[in-house]
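Data block below; observations after.
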Amino acid sequence: MIHIVIVDDEADTHLLYKLKFKKLFAHWGELNLTSFLNAPDCLDYLKSPEGAQIDLILSDINMPGMDGFELLQAVKGLHIKVPFYMVSAYESSEFRNKAESLGATRFLSKPVDFSRLGDAVREDLKLTE
């Protein structure tokens, strides 16, 4: 089973990821997508027993309260070693460089190219055909 955590303050985005990921990863077995509308709820989950079984975190950057950069730092502080993808509607070298310097695995621009995202996930999770 592949367990991906999605953090984005826009509820419509969660449905889009769910539809696209289920299609992209259908032949790898069960896909568990866990979605959060904010970073603090995600952190609570990551500290729970269920959160210990995740394979990848995909987070928006611009969110109220705690942004994606702060979430990435908190995840690193919990010593969770899974790929962490940052997603932003703002393609900027500043955001890209900050994500990289904080240890993000990948930086993706919205609208997300799901074919490229699928390739990245397959590579980073070492999934084979």
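Below, each value reflects all heavy atoms present in this structure, side chains not excepted, and no hydrogens, waters or symmetry copies. The structure presented is a predicted model; accordingly, all values stated were derived computationally and were not measured.
Remark: the backbone N or O of D8 is paired with a side-chain donor or acceptor of H14 at under 3.5 angstrom. Under the 3.5 Å distance criterion, the side-chain polar atoms of Y85 are matched with a main-chain donor or acceptor of A120. Using modelled atom types, no side-chain atom of D67 and backbone atom of M63 make a donor-acceptor pair closer than 3.5 Å.
Distance check: N62 CG to D9 CG gives 8.0 Å after rounding to the nearest 0.5 Å. Here the CD1-CG distance, from I54 to L46, works out to 4.5 Å after rounding to the nearest 0.5 Å.
The local environment of NZ in K110 is crowded, with over 12 non-hydrogen atoms from other residues, nucleotides or ligands closer than 6.0 Å. K23 NZ: 12 or fewer foreign heavy atoms inside a 6.0 Å radius.
Ion pairing between a basic and an acidic side chain is recognised when a charged N comes within 4.0 Å of a carboxylate O; D119 and R116 show no such pairing. Salt bridge absent: K126 and D55 never bring a charged side-chain N and a carboxylate O closer than 4.0 Å. A salt bridge links E123 to R106: one of the charged nitrogens lies within less than 4.0 Å of a carboxylate oxygen.
The aromatic rings of F36 and Y45 lie tilted to each other, with the angle between the two planes from 30° to 60°.
Looking at heavy atoms from C-beta onward, P83 lies out of side-chain contact with I57 at the 4.5 angstrom threshold. Taking 4.5 Å as the limit, every side-chain heavy atom of I61 sits out of range of all side-chain heavy atoms of V87.
In this model, a donor atom of one side chain and an acceptor atom of the other lie less than 3.5 Å apart for E50 and S48.
The aromatic ring centres of F107 and F95 sit 6.0 Å or more apart.
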